[in-house]
There are 2 protein chains.
Amino acid sequence: MTRPLRVGIAGLGTVGASVIQILARRNEILTQRHGRSVQVTAISARDRTKDRGFDLSTYRWFDDPLALATSDEVDCVVELVGGSEGTAREIVETALTAGKHVVTANKALLAKHGLALARLAEQKGVALAFEASVAGGIPVIKTLREALPGNAISRLYGILNGTCNYILSRMEMEGLTFQECLKDAQRLGYAEADPTFDVEGFDTAHKLAILTSIAFETEIDAEAIYVEGISSITPLDLTMASELGFRIKLLGVAERNAMGIEQRVHPTMVPKSSAIAQVMGVTNAVTIDADAVKELTLIGPGAGGDPTASAVVADIADVVLGKAHHPFGCSVDRLERASRAPMQRHEGGYYIRLTVHDRPGVAAGVAMRMAEAEISLESILQKRSEKAASQDKHGRSGAPVPLVLITYAATESAIRSAVERISGDGLIAEPPQVIRIERE
Amino acid sequence: MTRPLRVGIAGLGTVGASVIQILARRNEILTQRHGRSVQVTAISARDRTKDRGFDLSTYRWFDDPLALATSDEVDCVVELVGGSEGTAREIVETALTAGKHVVTANKALLAKHGLALARLAEQKGVALAFEASVAGGIPVIKTLREALPGNAISRLYGILNGTCNYILSRMEMEGLTFQECLKDAQRLGYAEADPTFDVEGFDTAHKLAILTSIAFETEIDAEAIYVEGISSITPLDLTMASELGFRIKLLGVAERNAMGIEQRVHPTMVPKSSAIAQVMGVTNAVTIDADAVKELTLIGPGAGGDPTASAVVADIADVVLGKAHHPFGCSVDRLERASRAPMQRHEGGYYIRLTVHDRPGVAAGVAMRMAEAEISLESILQKRSEKAASQDKHGRSGAPVPLVLITYAATESAIRSAVERISGDGLIAEPPQVIRIERE
């Protein structure tokens with residue numbers, strides 16, 4: 001039997017602790033299955049004294065994670081420190097340079113430096129594996145990398161941030177505001193004290209950048225992603241969506257079109273009957289559209305110690321089996337530098353909620369501006385304000401009322417220009433809400 | 001560059017033709033990605049003259065598939081003939097014996113002879129890969145084999161037969177009978193002229209047997225599976241299910257319990273909110289419950305030329321990469337001969353639809369029998385027959401009416417004995433309908 005794969009773990013939060021426990025629990029089974037055991041030999045974290053629920057004394061402790069990353073007693077470094085710079089980056093670079101395999105859950109690091117790190121790993125002939133960096137326990141990277149070689153992928157889209165999906169699910173089910181749900185998410189530990197990174201879509205963007213690269217064999221290009229968060233979504237939008245047969249999800253979407261690769265993160269209307277619309281709470285999901293397999297959807301826990309550790313352990317097993325060679329599914333040199341399809345040229349259906357003054361000719365004025373921009377309307381929904389105290393003889397109150405338009409496929413620039421003109425016409429009382437529609 | 005992997009394909013139906021087209025289309029990409037090209041060198045089918053939409057003349061034609069299976073020009077045999085015996089079995093045995101890798105979509109062969117074939121493959125040091133044998137394009141075998149090494153799996157369940165799901169979906173959505181939907185399924189090519197194999201659950205059982213073996217590291221034991229089909233399901237059952245918050249799906253379920261491995265195929269009530277309940281039409285889905293990842297659901301096309309070929313090509317790519325070593329995820333010798341958990345001891349919730357005579361004391365009599373068998377009822381739903389012409393002063397017509405019981409967890413044997421006693425009491429006018437409930 002080959003000598004054990006010796007693993008050093010840097011970062012001992014819930015994921016790191018769970019990795020240690022899983023490897024202990026599954027040690028015998030994995031050894032028999034793979035013909036080689038995995039042995040955690042070294043650990044490092046900021047605070048040695050913290051009670052983590054298990055005995056640290058059997059592992060060699062490193063105060064300096066960079067010493068762990070170069071230790072002779074470590075073949076594979078598991079980086080669970082987090083962050084795109086500083087310690088995490090140094091650990092990974094140092095470990096790869098020292099010829100160690102690296103397994104990481106660090107999406108920010110991958111999104112920013114993935115290409116350079118993958119090149120380094122390839123030069124050194126070691127693995128750089130990061131299944132846990134996207135969608136927690138869902139094996140979406142393995143699926144993209146290994147399960148679809150016969151497929152040209154045309155689009156992928158996913159719910160990649162549990163915090164946002166939790167907030168949107170509760171807003172929809174309970175009619176609450178964004179702020180109310182955010183507070184609950186923070187109380188339950190689903191959201192950080194500063195929630196910007198999650199709710200404004202940046203976390204989703206990091207994960208999307210990684211998936212895009214693997215799916216389309218392109219260089220990671222996180223900066224090309226159009227990003228819009230969920231903080232502007234109101235209970236009224238969710239009600240309107242429901243009436244129109246949609247749900248609103250924060251999606252990361254990547255697709256190949258005539259102009260290149262389009263990557264975008266924004267609140268999205270998805271048909272209620274779609275698989276992804278059913279995904280509620282902190283659960284994540286990814287749908288892949290490809291020419292041979294048509295449509296594949298993976299649903300599972302997007303975060304949490306055990307599910308994320310499950311992905312880390314799967315990566316470690318692939319290292320044991322010598323299976324984790326090309327970080328992005330093909331050699332880094334083969335990754336194409338894709339043209340960025342500009343968001344202005346995005347084409348799709350749109351939901352536009354205007355808050356209009358309840359006066360004669362407003363709907364006609366709005367419709368005219370849409371027609372001028374050559375935007376066809378699939379439906380128009382006007383809601384009478386229930387609060388309106390007084391009405392004229394036509395039943396109009398003069399108070400602002402919502403007017404919702406659903407468009408057929410139109411370009412982002414056409415929508416933007418039409419909405420701008422409508423604003424300029426003085427027809428609306430509040431900034432307009434624009435939500436893109438994603439069809440199956 | 002290594003010399004090409006030379007592939008011989010036996011069986012040129014829609015899947016075989018699609019495999020050839022995909023390999024041609026993706027040849028350059030796969031070669032660059034894997035550092036080794038795949039070349040179809042040999043083909044065999046029953047009818048050489050049939051127009052398959054592409055030029056056969058560039059491949060060496062074998063009238064005898066066994067000659068293809070031993071040809072010096074073939075490294076990997078793709079068996080797409082089908083059937084658990086006869087030609088298909090001979091091709092696979094012959095190819096493995098001759099030291100060729102085998103990729104197959106043949107669930108019947110695997111379910112019956114998988115263990116012996118896997119042993120043969122291991123002895124010869126070649127791959128036996130069969131992703132396409134279960135759930136078409138969904139990479140469920142790769143997921144079970146490679147993505148979950150850190151997990152002890154407790155249960156898996158799936159919609160593994162598109163024909164049945166199509167029929168149940170249409171029955172539910174359109175209020176049609178089983179026979180009406182079956183006819184449409186046959187007309188659309190979703191069901192065979194003799195639909196028994198699909199609608200009575202045998203096809204699902206074959207697929208379940210394969211998944212069970214990989215998930216629980218047990219010897220394949222298709223004969224241990226309790227099998228019940230969907231032909232007894234009525235529109236009334238689907239309506240009742242919907243009113244109670246369920247949908248009815250034909251599921252294959254495998255779980256490990258105190259008595260061993262329980263494997264069963266039967267119409268199942270699943271909560272409407274579950275991921276699997278959303279899966280309509282010919283689509284397949286599998287949910288895996290495991291200790292670390294919690295719950296993972298994969299949804300995709302369960303059949304069809306291109307999706308199935310997608311899985312075949314993924315297996316071929318794994319052969320190219322030398323990744324397909326243990327057919328069942330671990331060496332055959334490690335597969336445990338599992339105790340069969342008897343169906344009589346199955347424990348779960350039940351839906352029982354009785355057609356009772358609309359007389360005083362009937363509900364009480366039914367409830368008494370349930371209590372005698374120590375079965376607790378979660379709900380009772382009695383529907384008045386709308387057809388009843390005359391009623392007595394209490395509004396009873398004397399005509400048979402449905403009485404639906406939903407039980408808390410009870411054993412199969414308790415349910416069976418209670419239902420038998422109720423029948424013996426003369427309380428019911430028609431054979432009872434019993435449908436098991438599967439909770440998330």
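On a predicted model such as this, the values are computed, not experimentally measured, just so you know. Protein chains get the first letters and strands the later ones, always in sequence-line order, with residue 1 at the start of each.
- For the side-chain contact (heavy atoms from CB on, under 4.5 Å) criterion with A:Ile210, the lone passing option out of A:Leu144, A:Ile141, A:Val140 is A:Ile141.
- The parts of A:Ala152 that come within reach of chain B are both its backbone and its side chain, each placing non-hydrogen atoms under 4.5 angstrom from that chain.
- Ring to ring, B:Phe328 and B:Phe130 are close: their centroids are under 6.0 angstrom apart.
- Here the closest heavy-atom approach between residue B:Ile276 and residue B:Gly158 is recorded as CD1-CA, 4.0 Å.
- Both the backbone and the side chain of A:Ile138 have a heavy atom closer than 4.5 Å to some heavy atom of chain B.
- Both the backbone and the side chain of A:Leu296 come within contact range of chain B, with heavy atoms under 4.5 Å apart.
- Only the side chain of B:Ile22 comes within contact range of chain A, judged by heavy atoms closer than 4.5 Å.
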| task | Carefully, step by step, assess A:Leu298 and B:Ile299 under the rule side chain to side chain contact (heavy atoms under 4.5 Å, CB included). | result | CA-CA 6 Å; A:Leu298 314 180; B:Ile299 303 171; over 6 Å; no

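- The candidate from A:Gly300, A:Pro307, A:Gly137 with the greatest count of non-hydrogen atom pairs under 4.5 Å with chain B is A:Pro307.
- B:Ile214 and B:Pro327 make their closest contact through CD1-O, 4.4 Å (heavy atoms, listed as atom of the first residue, atom of the second, distance).
- Heavy-atom pairs under 4.5 Å with chain A were tallied for B:Pro139, B:Ala147, B:Gly304, B:Ala292; the largest tally goes to B:Ala292.
- Of the two parts of B:Ala275, only the side chain, counted from C-beta on, holds a non-hydrogen atom closer than 4.5 Å to a non-hydrogen atom of chain A.
- Ranked by heavy-atom pairs shorter than 4.5 Å toward chain A, the options B:Pro301, B:Pro149, B:Cys330 are led by B:Pro149.
- Looking at heavy atoms from C-beta onward, A:Leu12 lies in side-chain contact with A:Ile20 at the 4.5 angstrom threshold.
- Residues A:Leu128 and A:Ala118 share a closest heavy-atom pair of CD2-N, 3.7 Å.
- Within the 4.5 angstrom heavy-atom criterion, no atom of B:Ala285 approaches chain A.
- Inter-residue side-chain proximity for B:Val7 and B:Ile9 is flagged as met; some heavy-atom pair is nearer than 4.5 Å.
- Atom CG of B:Leu168 is separated from atom CE of B:Met173 by 10.5 Å, given to the nearest 0.5 angstrom.
- The choice from B:Ile316, B:Leu148, B:Val313 that makes the most heavy-atom pairs within less than 4.5 Å of chain A is B:Val313.
- When all heavy atoms are compared, the tightest approach of B:Pro271 to B:Phe246 is N-CD2, 3.7 Å.
- Of all non-hydrogen atoms in A:Leu80 and A:Ala105, the two that sit nearest each other are CD2-CB, 3.8 Å.
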Below 3.5 angstrom, are there any donor-acceptor pairs between chain A and chain B, and if so, which atoms and how far apart?
from, atom 1, to, atom 2, distance (Å)
A:Arg26, NE, B:Pro149, O, 2.9
A:Arg26, NH1, B:Asn151, O, 3.2
A:Arg26, NH2, B:Pro149, O, 3.1
A:Arg26, NH2, B:Asn151, O, 3.0
A:Gln32, OE1, B:Arg334, NH1, 2.3
A:Arg33, NE, B:Glu217, OE2, 2.8
A:Arg33, NH2, B:Glu217, OE2, 2.9
A:Lys142, NZ, B:Glu146, OE1, 2.9
A:Glu146, OE1, B:Lys142, NZ, 2.9
A:Glu146, OE1, B:Lys323, NZ, 3.1
A:Pro149, O, B:Arg26, NE, 2.9
A:Pro149, O, B:Arg26, NH2, 3.1
A:Asn151, O, B:Arg26, NH1, 3.2
A:Asn151, O, B:Arg26, NH2, 3.0
A:Asn151, ND2, B:Ser310, OG, 2.8
A:Glu217, OE2, B:Arg33, NE, 2.8
A:Glu217, OE2, B:Arg33, NH2, 2.9
A:Lys294, NZ, B:Asp306, OD2, 3.2
A:Thr297, N, B:Ile299, O, 2.8
A:Thr297, O, B:Ile299, N, 2.8
A:Ile299, N, B:Thr297, O, 2.8
A:Ile299, O, B:Thr297, N, 2.8
A:Asp306, OD2, B:Lys294, NZ, 3.2
A:Ser310, OG, B:Asn151, ND2, 2.8
A:Lys323, NZ, B:Glu146, OE1, 3.2
A:Arg334, NH1, B:Gln32, OE1, 2.3

